[in-house]
Amino acid sequence: MLYSVRMRASKQREKKRPGSGADPTGNGIHISGAEGLYRKEEIAAAVDGCTARALGHSRGEPDSIFITIEKITEAPKRIRTLPLVTVRNRSCESARRLIREFLLNISVSEEAIRTALEIVSEPAAMRGAAIVRARSGLRVDPDYHRGVRVSRLGITPRAGQNLSRELSRYALDCDTVREALILASKVASCGPVIAELCVSDDPDYTTGYVASRAFGYARLPHIKRRNARTGGRVFFIRENAIPDAAISYLEKTPVMVTGISPCHGTCSASEIIGHRHL
Ligand code: PML
């Protein structure tokens, strides 16, 4: 039997400052979060880890830490991580060109790319992801303030060790990369999703990614300028997909990473696109 353990730490806003990461739902400013699927005997250690993370985050001391432990009754779907690669890129301007190059190559339209770039260029207020139709560029997630929150995902201890070993070959073995790759791998395992674009909402973190089943998890350095409070996630779905089915999978279906695909160093976009699945 597995349990989902989720943590969310936040603090109340002190004074009004536009684009300060405030949550318009009134849940406060996000400090940190964590999520995993655990066996009963692993829960105590997972909760300790969540608490330590919430109290030690560089974004400050939280006013509230919510930890939710929930029994999972459905056997999790077992997936592998997407292959990981870093795209050679030196500037924010060329990052935009590369995003377009990756997405156009897998039939995401100019219109949908424009919608997505607008979303991730806004001050990051939404904790969840936007869902955008890949041809018309229409945004279809029902609550624009909340977005869609990918949940009920985890990695087995053995796969976690293997992932750390792969990532450490490129000095990337940190929570941010590990967790983003696990999340992107669940998103890519959702049939109606064609691709994901992610720009971190952390002002100090300027690497984002474009991910898809076609070319894996492609990290993009300089996706935004340092100190920018913008960011967000966009999932592109097939034009005729039913959003509710995709949302239900992303938020509710338990998914466990049990296998690790290879991680690679830095490559040019054309090497990655010409070498689908790396
Ligand atoms: C986040 O802030 O959680 C998103 C990080 C996205 C990029 C992670 C990476 O460096 O691969």
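Here the structure is a predicted model, which is why all the values come from computation and not from measurement.
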How long is the straight-line distance from OG1 of Thr115 back to CZ of Arg139, given to the nearest 0.5 Å?
10.0 Å

Would you find a donor on one side and an acceptor on the other, under 3.5 Å apart, between the side chain of Ser164 and the backbone of Gly160?
yes

Roughly how far, to the nearest 0.5 Å, is the CE atom of Met126 from the NE2 atom of His30?
13.0 Å

Between CD1 of Ile260 and CZ of Arg158, what distance do you get to the nearest 0.5 Å?
12.0 Å

Taking the side chain as C-beta and beyond, is there a heavy-atom pair between Tyr209 and Thr207 under 4.5 Å?
no

Between Arg127 and Asp201, is the closest basic N to carboxylate O distance under 4.0 Å?
yes

Measuring from Leu117:CG to Arg114:CZ, what's the distance to the nearest 0.5 Å?
9.5 Å

Please report the shortest heavy-atom distance between Ala218 and Val87, naming the atom on each side.
CB-CG2, 3.8 Å

For Leu104, does the CG atom have more than 12 heavy-atom neighbours from other residues, nucleotides or ligands under 6.0 Å away?
yes

Could you tell me whether the side chain of Arg133 and the main chain of Glu239 form a donor-acceptor pair under 3.5 Å?
yes

Heavy-atom nearest pair, Leu98 first then Ala269, reads CD2-CB, 3.4 Å

Output for pair (Leu82 CG, Lys186 NZ), nearest 0.5 Å, gives 14.0 Å

Would Glu196 and Tyr217 count as a side-chain hydrogen bond (donor to acceptor under 3.5 Å, both in side chains) if you check the C-alpha gap in whole Å, the side-chain angles of each, and the deciding distance to 0.1 Å?
CA-CA 9 Å; Glu196 174 185 357; Tyr217 177 96; over 6 Å; no

Working note: Leu37 + Ser4, criterion side-chain contact (heavy atoms from CB on, under 4.5 Å); need CA distance, chi angles, decisive distance, verdict.
CA-CA 5 Å; Leu37 297 177; Ser4 158; 3.9 Å; yes

With no hydrogens and no angle check, is any side-chain donor or acceptor of Asn89 less than 3.5 Å from a backbone partner on Leu220?
no

Suppose we screen for salt bridge (charged side-chain N to carboxylate O under 4.0 Å, His left out). Which residues come up paired with Arg80, at least two apart in sequence or across chains?
none

Taking salt bridge (charged side-chain N to carboxylate O under 4.0 Å, His left out) as the test, write out the residues that go with Arg169, two or more places apart.
Glu166

Decide yes or no on side-chain contact (heavy atoms from CB on, under 4.5 Å) for Tyr249 and Val255, but give the supporting numbers first.
CA-CA 9 Å; Tyr249 178 84; Val255 167; 3.4 Å; yes

So which atom in Ala134 and which in Phe236 form the shortest heavy-atom distance, rounded to 0.1 Å?
CB-CB, 4.5 Å

Does the pair Glu93/Arg225 count as a salt bridge with the N-to-O cut at 4.0 Å?
yes

For a 4.5 angstrom cut-off between non-hydrogen side-chain atoms, does Ile237 reach Val140?
yes

Between Lys224 and Val199, is there a donor-acceptor pair closer than 3.5 Å when you use the side chain of the first and the backbone of the second?
no

Judged by atom type as modelled, is there a donor-acceptor pair below 3.5 Å linking the side chain of Ser109 to the main-chain atoms of Arg135?
yes

May I have the step-by-step check of side-chain contact (heavy atoms from CB on, under 4.5 Å) for Met1 and Lys40, ending in yes or no?
CA-CA 7 Å; Met1 183 64 67; Lys40 197 172 183 175; over 6 Å; no

Short question: side chain of Thr81, backbone of Ser261 - any donor-acceptor pair under 3.5 Å?
yes

Hydrophobic cluster identity match, Ile43 and Phe66, side-chain contacts under 4.5 Å:
no

With the 4.5 Å side-chain cut-off for hydrophobic clustering, are Leu2 and Ile155 part of the same group?
no

Please determine whether a side-chain nitrogen of the Lys or Arg among Lys11 and Glu61 lies less than 4.0 Å from a carboxylate oxygen of the Asp or Glu.
no

Atom CG in Asp141, atom CD1 in Ile119: separation rounded to 0.5 Å?
7.5 Å

Examine Ile29 and Met7 and state if one hydrophobic cluster contains both, with Ile, Leu, Val, Met, Phe, Trp and Tyr joined whenever side-chain heavy atoms are less than 4.5 Å apart.
no

Taking only residues two or more places apart in sequence, or in another chain, which ones meet Arg96 in a side chain to side chain donor-acceptor pair (under 3.5 Å)?
Ser121

Where do Leu197 and Ala116 come nearest, in terms of heavy atoms and distance?
CD2-CB, 4.1 Å

Any Ile194 side-chain heavy atom under 4.5 Å of Ser107 side chain
no

Please step through side-chain contact (heavy atoms from CB on, under 4.5 Å) for the pair Cys50 and Val5, ending with a clear verdict.
CA-CA 9 Å; Cys50 285; Val5 178; 4.2 Å; yes

Of Glu70, Glu251, Glu74, the one forming a side chain to side chain donor-acceptor pair (under 3.5 Å) with Arg152 is Glu70

Do the side chains of Val108 and Val132 get nearer than 4.5 Å, heavy atoms only?
no

Would you name the heavy atoms of Pro203 and Arg229 that are closest together and state the gap between them?
CG-NH1, 3.9 Å

Between Ile182 and Ile72, is there a shared hydrophobic cluster once you connect ILVMFWY residues whose side-chain heavy atoms come closer than 4.5 Å?
no

Heavy-atom distance under 4.5 Å between the side chains of Ile223 and Ile99, does that happen here?
yes

Hey, does Asn227 have a side-chain heavy atom less than 4.5 Å from the side chain of Asp204?
yes

Report yes if the side chains of Phe235 and Leu250 come closer than 4.5 Å at any heavy-atom pair, otherwise no.
yes

Under a 4.5 Å cut-off applied to non-hydrogen side-chain atoms, are Asp175 and Arg53 in contact?
yes

Please name the pair of heavy atoms, one in Leu183 and one in Arg233, separated by the smallest distance, quoted to 0.1 Å.
CD2-NE, 3.6 Å

Same cluster (ILVMFWY, side-chain, under 4.5 Å), Val150 and Met256
no

